[in-house]
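To start, the structure under review is shown below, and the notes come after it.
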Amino acid sequence: MPDASGAVSRALRAAPPDQLAEAADAAIRRVLDASRTEVLVADYRFTGLWPVLDPELPEGGFLDCQGVAQRCFSSQQPVLDTGDSGRCRAYLPLSAWGERLGVLMVELPAAPDAATVAAARDAAGDLAVALRAADRETDRYRRARRRERLTMAAEMQWDLLPGRSVTHGDFVLAGQLEPAYTVGGDHFDWSVDGDRLTVTVLNGAGNGLAASLLTAVTVNAMRNARRSGGSLVEQAELASDTIFYQHRGSRHVATLLLELDNRRGVVRAVDAGSPHVLRLRGGTVTPITLEQQLPLGMFAETRYDVQEFAVEPGDRLFVVSDGVYAAEPAGREPYGDRAMARAMRSTRLQPATEAVGTVMRELHAHHADADLRDDAVVVCLDWRGSRPPDGDVGVR
């Protein structure tokens, strides 16, 4: 068999950013004797997978493959679908650094052997990395992902995100924003750097474009401090001062900043407002109690303190904005009273990438499928590293 992965990789490097699907299609047809391929990308709400090569594909024919493709997307494993004619459709996950982008379908003349499946999966991996890089150069793949028009505020929020999931040796991290097409100021950010993972979750103040602009200033101030080598406290204080001197206390942003030390299994935290962190361990959901400090930007020269808590291998941390835990549809108790913990417990056997969707779907169900009244963020962190060598570290 020709070097399928190498052939696809070379074709992708030579292709313009808006022609990656066509370049991969030609290369895969040639080296794997495939009759056709299809690149399917996940929409903003993860409600379906949508074609890039043939966006006008008839709805009925497209839906025939949705269930199999969704199984591949959820499991992140190849799925083979052999028809009565003997032809086989192989569905391969399109994922880059743990971020799930979609699924590559390859139609083959017969059920493939293990080497062919491995070659197709490598080709899908190369295509996923190329698609992730091409997003800055073309709108084609973003157009395929959206099922309706985004508001201006939502456009800014999605562009500001680092991604929707990431996998590292010691952790898996995923996040989701809702309402996906109209989200205003709520946001999450993260960065991986050696043994340290930094995660921030923001409850944006206000609505619409004004909230999105405030969040963009806050996130970029924290990034500026972080990329300059600043500590968690310096990130919070630079963002707080930036907001205050722009708005003189009239606007502020409730923010939770977390820094996971993978080597020690310790999380350092600056709690500057309302996002909450909860731990799922052994089927039990427990809030992590932190000393709440002033939201960013409320007063000039505000100083922040760091607290610490330990994580154990297998722990799952959820960080949620007040649009999640405080959601209170008419005539119902707040989601955070009981329903949220039930939803979190139900994710025990799901990967983090599926868990955020489960919590969000249950939130929508709690609203009786009515529109959410507030922006909502769910971030899920699974830590699978070693136990801390020096024993437990308590919150302090």
Side-chain angles (χ1 to χ4, degrees), residues 160-162 166 168 170-171 173 175 185-205 214-279 287-311 315 317-322 377 379 381 383 385 388 390 392-396:
L160 194 61
L161 285 179
V166 64
H168 197 270
D170 292 322
F171 65 81
L173 181 64
D186 283 16
H187 199 265
F188 60 83
D189 192 28
W190 59 58
S191 176
V192 182
D193 191 355
D195 288 334
R196 297 190 180 275
L197 165 69
T198 303
V199 180
T200 56
V201 175
L202 299 85
N203 266 345
L214 182 61
T215 294
V217 169
T218 308
V219 169
N220 280 293
M222 289 188 291
R223 286 177 177 174
N224 179 266
R226 187 183 72 221
R227 292 167 181 173
S228 301
S231 67
L232 212 60
V233 164
E234 290 172 306
Q235 294 168 42
E237 291 178 353
L238 177 61
S240 183
D241 289 345
T242 301
I243 298 166
F244 178 82
Y245 288 113
Q246 186 176 36
H247 296 285
R248 296 294 170 177
S250 64
R251 305 292 301 279
H252 46 81
V253 181
T255 307
L256 179 66
L257 299 88
L258 302 175
E259 183 182 80
L260 170 65
D261 184 333
N262 276 314
R263 183 180 55 82
R264 297 174 57 220
V266 173
V267 178
R268 306 176 77 238
V270 172
D271 187 344
S274 55
H276 288 185
V277 57
L278 302 97
R279 180 185 63 218
I288 301 296
T289 303
L290 299 167
E291 180 185 350
Q292 193 172 100
Q293 301 170 72
L294 292 173
L296 305 181
M298 184 169 282
F299 297 105
E301 308 297 327
T302 302
R303 295 298 169 249
Y304 293 93
D305 295 322
V306 168
Q307 303 161 78
E308 294 184 353
F309 62 92
V311 287
D315 276 357
L317 299 180
F318 285 100
V319 185
V320 294
S321 67
D322 63 6
V377 171
V379 172
L381 169 64
W383 191 70
D390 301 323
D392 286 342
V393 178
V395 175
R396 66 175 186 266

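Note that this is a predicted model, so its numbers are computed, not measured.
Contact of the Thr200 side chain with the Val219 side chain is not registered, since no non-hydrogen atoms from C-beta on lie closer than 4.5 Å.
Partners of His168 according to the side chain to side chain donor-acceptor pair (under 3.5 Å) rule, which considers only residues two or more places apart in sequence or in another chain, do not exist here. Applying the ring pair (Phe, Tyr, Trp, His ring centres under 6.0 Å) criterion to Phe188, with sequence neighbours excluded, gives Trp190. For Arg227, the side-chain contact (heavy atoms from CB on, under 4.5 Å) criterion is met by Arg223, not counting sequence neighbours. For Arg279, there are no side chain to side chain donor-acceptor pair (under 3.5 Å) partners, not counting sequence neighbours. Partners of Asp315 under the side chain to side chain donor-acceptor pair (under 3.5 Å) rule, at least two apart in sequence or in another chain, are Arg281. Ser231 meets the side chain to side chain donor-acceptor pair (under 3.5 Å) test with Glu234; sequence neighbours excluded. Partners of Asn224 according to the side-chain contact (heavy atoms from CB on, under 4.5 Å) rule, which considers only residues two or more places apart in sequence or in another chain, are Ser228, Leu238.
Smallest separation of non-hydrogen atoms from Leu296 and Ala236: CD2-O, 3.5 Å. What you find for Thr302 and Glu237 is that their closest heavy atoms are O-CG, 3.6 Å. Scanning both residues, Leu257 and Leu232, for their nearest heavy atoms gives O-CD2, 3.7 Å. Nearest heavy atoms, Ser321 versus Val377: OG-N, 3.0 Å. Residues Ser240 and Tyr304 share a closest heavy-atom pair of OG-OH, 3.5 Å. When all heavy atoms are compared, the tightest approach of Gly204 to Thr215 is CA-OG1, 3.9 Å.
For Glu259 (side chain) and Val267 (main-chain N/O), no donor-acceptor pair under 3.5 Å exists by modelled atom type. No donor-acceptor distance shorter than 3.5 angstrom exists from the side chain of Asp193 to the backbone of Arg196, with no hydrogens or angles considered.
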For residues 268-275, tabulate all N or O donor-acceptor pairs below 3.5 Å that involve a side-chain atom, not counting sequence neighbours.
| from | atom 1 | to | atom 2 | distance (Å) |
| --- | --- | --- | --- | --- |
| Asp271 | OD1 | Gly273 | N | 3.3 |
| Ser274 | OG | Asn203 | ND2 | 2.3 |

**OP:** Apply side chain to side chain contact (heavy atoms under 4.5 Å, CB included) to the pair Val201 and Thr255, showing each step before the final yes or no.
**Re:** CA-CA 6 Å; Val201 175; Thr255 307; over 6 Å; no
Verdict with reasoning, Val199 to Leu260, per side chain to side chain contact (heavy atoms under 4.5 Å, CB included): CA-CA 8 Å; Val199 180; Leu260 170 65; over 6 Å; no
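The distance from the CD atom of Gln307 to the CD1 atom of Ile288 is 11.0 Å, given to the nearest 0.5 Å. Between atom CG of residue Asp261 and atom CD of residue Glu308 there is a gap of 8.5 Å, rounded to the nearest 0.5 Å. Summarising the geometry, atom CG belonging to Leu317 is positioned 9.0 Å from atom CG belonging to Leu278; distances are rounded to the nearest 0.5 Å. Distance CG/Asp189 to CG/Leu161: 8.0 Å, rounded to 0.5 Å.
Residue pairs meeting the ring pair (Phe, Tyr, Trp, His ring centres under 6.0 Å) criterion with at least one member in residues 228-264, sequence neighbours excluded, do not occur.
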